[in-house]
Amino acid sequence: MGIVLGPNRYGKAEVRLVRVVREDAVRHEITDLNVSIALSGDLAATHLVGDNANVLPTDTMRGIVYSFAREWPVGEIEEFALRLARHLVAAYAPVHTARVRVHAYPWERITAANGPHPHAWSRGAGTRYAGVVCGPDGTQVVSGLEDVTVLKSTGSEFHGFLTDRYTTLRPTDDRILATSVQARWRHAGVAADWGASFARARATLLRVFADTHSLALQQTLYAMGEAVLAEQNGLVEARFALPNKHHFLVDLSPYGQDNPGEVYHAADRPYGLIEGTVLRDDAAPALAELPW
Ligand SMILES: O=c1[nH]c(=O)c2[nH]c(=O)[nH]c2[nH]1
């Protein structure tokens, strides 16, 4: 019996990159990213004896991110992640697998006196995500979004659940349903119109959340995943984490008032956390190191 080194990876996490594209002196475009890289490969020596010959410093990874941002337009985040991951496995022999994660923060032009301002921005809602793995077993791409908070003020019920002596929750046929969507969808291939696919998936998720008369957040989750896959042949698997942002009816009887679904307490924690995967039954499996 002995002690051995298990799976490991390392890299630079959360490289914050803002790329300004100067169309002219006043009119700009901006891209605001948070990029994380994790490499695995021939890294036993650094762990076992501190021999760093195979170690590409994480500081160099930071430099690659900024330098690539200068040399090319950043483009869609999936494309940028693919470029980085492919470079990292091609350029450094000890690197077998590269995982790249990119979060993009949306900035919207401020509407000023003369319309959309050429270079003044207001931070928008939600974050777009891309994750890429590139290694000996192939390359895969996942896209997604998070922190998209949605709410329905009716059209949601929850009843018929298992009950026992610990149950205090009352069944309801009319409640507020709210969640902060974290969604991911895996692409079948490594080339797509990433921007159009993202816009379509986002619109699908919002539309289905709105249009599904919900008997459980689990049912809404499945409906959203099913629709995203049904509408885009190039997508094979969708994963969700949906916190149930509970809204409780306030008891106004101490004040001699009724409360027919009008005054709610928006609770912070604890919250239900509903997680699930929806996939094509013939989907090739996701690579283990795909950064969802
Ligand atoms: O949509 C819901 N799913 C649950 O599993 C659950 N559990 C709970 O207390 N409220 C809810 N709501």
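Sequential numbering from 1 along the given sequence is applied to the chain's residues. Every number for a ligand or one of its atoms is a count from 1 in the order of the listing.
T204 places a side-chain N or O within 3.5 Å of a backbone atom of R200 that can act as its donor or acceptor partner.
The heavy-atom pair separating Q140 from L287 by the smallest distance is OE1-N, 2.8 Å.
The shortest side-chain heavy-atom distance between E146 and R184 falls under the 4.5 Å cut-off.
Under the ring-ring contact (aromatic ring centres under 6.0 Å, His included) criterion, Y166 pairs with no residue at all, not counting sequence neighbours.
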Donor-acceptor list for residues 125-132 side chains, cut-off 3.5 Å, not counting sequence neighbours:
from, atom 1, to, atom 2, distance (Å)
R128, NH1, E76, OE1, 3.0
R128, NH2, E76, OE1, 2.9
R128, NH2, E78, OE1, 2.9
Y129, OH, P291, O, 2.6

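Taking every non-hydrogen atom of L217 and a distance limit under 4.0 Å, the qualifying atoms of ligand 1 come out as 1 (O), 2 (C).
The closest non-hydrogen atom to atom 12 (N) of ligand 1, taken over Q218, R175, E157, comes from R175.
The protein non-hydrogen atom at the shortest distance from atom 9 (O) of ligand 1 is L169 CD2, 3.5 Å. Protein heavy atom at the shortest distance from atom 6 (C) of ligand 1 is F158 CZ, 3.2 Å.
Counting heavy atoms closer than 4.0 Å to ligand 1, residue N244 contributes side-chain atoms (C-beta onward) but none from N, CA, C or O.
The distance criterion of under 3.5 Å between nitrogen or oxygen atoms is not met by H246 with respect to ligand 1. Residue-to-ligand polar distances keep A216 apart from ligand 1: every N/O pair is separated by 3.5 Å or more.
When each of L273, I274, L217 is tested with P243 by the rule side chain to side chain contact (heavy atoms under 4.5 Å, CB included), just one qualifies, namely L273.
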